[in-house]
There are 2 protein chains.
Amino acid sequence: MDTSVKNVIVEKAKTSKIDQVDFNNLSFGSIVTDHMMVCDYKDGAWETPKVVPYQPITLDPSSKIFHYGQSVFEGMKAYKDTDNNVWLFRPLENQKRLNISSKRLAIPEIPEAYFMEGLKALLKVDQQWIPQTEGSSLYIRPFVFATGKGFHASPANEYKFIIACAPSGPYFSGKVKVLIEEKYSRSANGGVGFAKAGGNYAGQFYPTQLAVAKGYNQVIWTDDNSHEYIEEAGAMNIFIRINDTLITSPTSDRILDGITRKSLIELAKDEGINVEVRKITVKEVVEASKNGTLMEMFGAGTAAVISPISAFGFQEKDYELPELDKSYAALLKKRITDIQYNRAEDKFGWRYKL
Amino acid sequence: MDTSVKNVIVEKAKTSKIDQVDFNNLSFGSIVTDHMMVCDYKDGAWETPKVVPYQPITLDPSSKIFHYGQSVFEGMKAYKDTDNNVWLFRPLENQKRLNISSKRLAIPEIPEAYFMEGLKALLKVDQQWIPQTEGSSLYIRPFVFATGKGFHASPANEYKFIIACAPSGPYFSGKVKVLIEEKYSRSANGGVGFAKAGGNYAGQFYPTQLAVAKGYNQVIWTDDNSHEYIEEAGAMNIFIRINDTLITSPTSDRILDGITRKSLIELAKDEGINVEVRKITVKEVVEASKNGTLMEMFGAGTAAVISPISAFGFQEKDYELPELDKSYAALLKKRITDIQYNRAEDKFGWRYKL
Ligand SMILES: Cc1ncc(COP(=O)(O)O)c(C=O)c1O
Ligand SMILES: Cc1ncc(COP(=O)(O)O)c(C=O)c1O
């Protein structure tokens with residue numbers, strides 16, 4: 001396959017919606033920019049990416065996306081520094097992960113150049129939409145889904161790859177209270193949990209609604225076999241600090257290999273923090289809470305950045321986390337956002353200038 | 001909620017595509033009829049079902065179906081007898097199961113009358129499309145998906161419920177060779193395997209492609225923890241005959257509660273066959289094959305009806321099933337299709353006249 005892209009076709013919107021947006025009061029992922037990138041897969045190949053005015057998609061009712069859940073996505077952000085330069089954070093990691101997800105869902109992989117050139121062309125056209133307000137950024141949503149037709153449970157022969165963008169504020173409004181799940185599960189051994197596949201998210205909604213009804217914001221998933229091991233949250237990997245050690249679960253075929261997670265592991269080590277990547281039991285966390293050695297828990301993800309957890313529920317009981325003056329969460333959040341917004345040195349080479 | 005339907009709105013197609021169809025050479029699920037039923041969920045309620053000409057759907061790119069896999073479906077058939085009467089088979093079971101699936105995916109449930117009245121109005125308009133050819137029927141696909149917008153992993157606030165139909169021939173062209181899966185899994189304990197959720201199917205495509213590349217038609221899924229227990233196939237429940245006993249796995253939160261499966265259990269008992277609904281290990285089946293007591297294996301589902309299995313692969317070895325003169329598969333297939341096509345008495349009251 002020819003993996004180079006000659007020219008991304010750009011068709012500009014006649015008018016802009018940007019004047020209608022209050023950039024000081026952005027919610028998360030609800031306002032879209034003027035354009036989107038579209039790239040179709042037909043006759044065994046991806047066509048040239050196009051940037052077009054953001055517009056509805058028209059599909060046959062038998063398109064496989066409606067029936068067989070063949071869809072994957074990514075979540076990235078573009079950041080603007082005080083000099084109006086635009087930055088991405090490890091974008092090639094998202095590009096690679098999209099293909100890892102696609103492969104597991106029998107979706108054709110997208111050549112790196114199609115992803116990167118399509119993305120760059122889109123961000124160039126919609127540059128004005130990248131917020132400069134503290135804590136805000138342009139959330140970028142690449143996604144791929146099956147457009148091929150037929151009521152037969154088999155992979156589609158046509159797909160659509162789209163990138164859309166939404167200027168966004170924080171994902172959570174405050175600290176997060178989580179419920180450790182003991183009945184429902186997010187993923188199976190040998191399943192698709194490591195992929196950013198649409199179906200993984202729909203399956204979480206109902207158990208999350210039950211948790212929300214009990215006063216929690218999020219579910220922490222455990223393994224589906226014993227429910228003894230802490231895995232991850234709906235859209236975040238989980239870090240736990242016991243004494244001065246920072247612990248996070250190893251990734252597996254059930255857990256998403258988060259880019260924030262792996263960046264934080266490196267940053268924590270760089271700060272001289274003792275990091276352990278190992279399986280962690282709910283029992284251990286409950287005991288640490290009881291004997292006062294549980295110092296912090298936080299979620300880590302592109303959308304949520306670092307979200308400190310205020311308390312966790314387990315077996316009808318709530319366990320509060322202490323309020324710390326100098327938390328690892330605050331330290332690591334400063335380190336990672338300083339790199340993302342070009343406010344500090346980037347010794348790992350993660351920043352990507354547009 | 002008002003669960004009665006006053007009037008299904010019917011808007012007829014100006015022209016019909018029926019003359020272009022060769023009813024003697026129907027494939028499965030690739031040709032659609034002239035109309036479809038559409039019912040939208042908005043502002044907390046399902047609107048009145050409409051029958052409209054089969055037509056494309058227009059959606060915003062941020063509609064949650066493209067991102068979070070919130071979709072469920074059903075598979076049913078309409079049968080025409082020699083007097084041109086039209087029959088459904090246990091349609092209320094599909095209606096109930098659609099809601100069981102919806103609930104697990106945080107999709108609003110559909111009142112029985114909306115489902116049944118919408119379906120009946122559609123089949124009335126597209127009656128001519130129900131094939132009378134032996135082995136053919138009208139495959140009916142009810143499906144529900146999230147149309148509500150936003151890049152936030154949470155349930156949508158708007159949905160579309162559609163019923164589309166496809167005159168169809170057999171699902172498999174011959175006997176089926178299956179591979180017993182030892183690495184990949186279809187579903188998790190506490191997951192969504194019991195639901196007819198889109199994401200369950202996409203997750204099966206890649207492992208199935210690997211099996212097809214090795215010369216098999218289908219994968220037989222095993223439990224995700226030990227891979228020791230036989231569960232079901234991609235779109236069929238599995239029956240195994242050892243000596244004269246017919247065995248099938250109990251349903252669980254990992255296995256779809258198939259309507260064909262439960263009907264066959266009753267029909268087999270009615271025939272005086274010893275039926276066991278119990279967990280069955282791969283080991284037991286391999287041993288039965290080795291000592292000559294494994295008589296039959298077959299899949300059961302609406303699309304596939306009863307599909308005899310010719311051989312199964314396990315740990316790089318193939319095990320052939322014997323050719324029987326008087327198989328349970330043939331006997332039960334005759335019993336169930338005679339009821340479906342109104343060729344025999346229906347003492348269970350499963351047939352539903354339109
Ligand atoms: C299930 C899940 N886990 C973890 C993450 C965090 O991954 P990343 O840091 O790459 O955004 C995400 C989302 O992005 C996710 O959806
Ligand atoms: C996973 C799965 N198992 C079993 C079946 C059989 O169920 P039913 O007999 O209700 O069609 C189906 C499909 O219809 C299915 O998708």
Side-chain angles (χ1 to χ4, degrees), chain A residues 28-30 32 36 54-62 65-71 73 75 103-106 139 141 143 145-146 149-155 162 164 166 181 183-192 197-206 208-209 224-225 227 234-235, chain B residues 28-30 32 36 54-62 65-71 73 75 103-106 139 141 143 145-146 149-155 162 164 166 181 183-192 197-206 208-209 224-225 227 234-235:
Chain A
F28 192 92
S30 50
V32 291
M36 65 190 200
Y54 187 87
Q55 61 192 269
I57 306 163
T58 300
L59 291 171
D60 191 89
S62 77
I65 178 63
F66 298 127
H67 305 271
Y68 305 121
Q70 240 190 325
S71 72
F73 69 98
K103 188 175 174 198
R104 182 62 181 83
L105 278 284
Y139 183 72
R141 170 57 58 87
F143 59 110
F145 60 93
K149 300 189 271 184
F151 303 127
H152 197 287
S154 55
I162 294 182
E181 182 63 52
K183 181 177 171 193
Y184 295 103
S185 303
R186 184 184 168 276
S187 60
N189 300 303
V192 303
N200 289 338
Y201 296 81
Q204 300 184 72
F205 293 167
Y206 177 69
T208 303
Q209 282 178 333
D224 83 306
N225 182 34
H227 294 291
Chain B
F28 192 92
S30 51
V32 291
M36 65 190 202
Y54 187 88
Q55 61 192 270
I57 306 163
T58 299
L59 291 171
D60 191 90
S62 77
I65 179 62
F66 298 127
H67 306 272
Y68 305 122
Q70 241 191 323
S71 72
F73 69 99
K103 188 175 174 197
R104 182 61 181 85
L105 277 285
Y139 183 72
R141 171 56 59 88
F143 59 110
F145 60 93
K149 300 188 272 184
F151 303 128
H152 197 287
S154 55
I162 294 181
E181 183 63 52
K183 181 177 170 193
Y184 295 103
S185 304
R186 185 184 167 277
S187 60
N189 300 302
V192 303
N200 289 338
Y201 296 81
Q204 300 184 73
F205 292 167
Y206 177 69
T208 303
Q209 283 179 333
D224 83 305
N225 183 33
H227 293 291

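Numbered from 1 within each chain, the chains take letters A, B, ... in sequence-line order. Side-chain atoms are counted along with the backbone in the values below, which use heavy atoms only and exclude waters and symmetry mates.
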Between [options], which has the largest tally of heavy atom pairs under 4.5 Å with chain B?
| options | value |
| --- | --- |
| A/K103, A/M36, A/K183 | A/K103 |
| A/G191, A/A146, A/P61 | A/P61 |
| A/G75, A/A106, A/S71 | A/A106 |
| A/G199, A/G198, A/G234, A/G69 | A/G198 |

What closest approach, in Å, do [X] and [Y] show between heavy atoms, and which atom pair accounts for it?
| X | Y | answer |
| --- | --- | --- |
| A/R104 | B/S185 | NH2-O, 4.1 Å |
| B/L105 | A/G203 | CD1-N, 4.1 Å |
| A/N225 | B/N189 | CA-ND2, 4.1 Å |

Exercise for the section: Begin with the C-alpha distance, continue with both residues' side-chain angles, and end with the deciding distance and a verdict on side-chain contact (heavy atoms from CB on, under 4.5 Å) for A/F66 and B/I57. Expected result: CA-CA 11 Å; A/F66 298 127; B/I57 306 163; 3.8 Å; yes
Practice task
Specify whether B/F143 and A/H67 have parallel, tilted or perpendicular ring planes, treating 30° as the upper limit for parallel and 60° as the lower limit for perpendicular.
Solution key: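 Plane angle between 30° and 60°, so tilted.
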Practice task
Could you label the plane-to-plane angle of the A/Y68 and B/F205 rings as parallel, tilted or perpendicular, counting under 30° as parallel and over 60° as perpendicular?
Solution key: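 Perpendicular.
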Exercise for the section: With sequence neighbours left out, write down each residue that passes side-chain contact (heavy atoms from CB on, under 4.5 Å) with A/T58, or none if nothing qualifies. Expected result: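 Here the qualifying residues are B/P56, B/T58.
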Handout entry: Under 4.5 Å from a heavy atom of chain B, the part of A/F73 involved
Key =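 Side chain of A/F73 only, per the 4.5 Å heavy-atom cut-off to chain B.
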Practice task
Check each atom of A/Q70 against the heavy atoms of chain B and say whether the ones under 4.5 Å are side chain, backbone, both or neither.
Solution key: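 Both the backbone and the side chain of A/Q70 come within 4.5 Å of chain B.
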Quick one: what part of [X] sits under 4.5 Å from any heavy atom of chain A, side chain, backbone, both or neither?
| X | answer |
| --- | --- |
| B/F28 | both |
| B/S62 | both |
| B/A235 | neither |
| B/E181 | neither |
| B/K149 | neither |

Exercise for the section: Find the distance between CD1 (A/I65) and CG (B/L59) and round it off to the nearest 0.5 Å. Expected result: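 It is 10.0 Å, given to the nearest 0.5 Å.
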Exercise for the section: Can you measure from OG (A/S30) to CZ (B/F151) and round to the nearest 0.5 angstrom? Expected result: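 A/S30 atom OG to B/F151 atom CZ measures 10.0 Å (nearest 0.5 Å).
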Exercise for the section: Please list, chain by chain and in numerical order, all residues satisfying side chain to side chain donor-acceptor pair (under 3.5 Å) with B/Y139, sequence neighbours excluded. Expected result: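 If we apply the side chain to side chain donor-acceptor pair (under 3.5 Å) test to B/Y139, skipping adjacent residues, the hits are B/R141.
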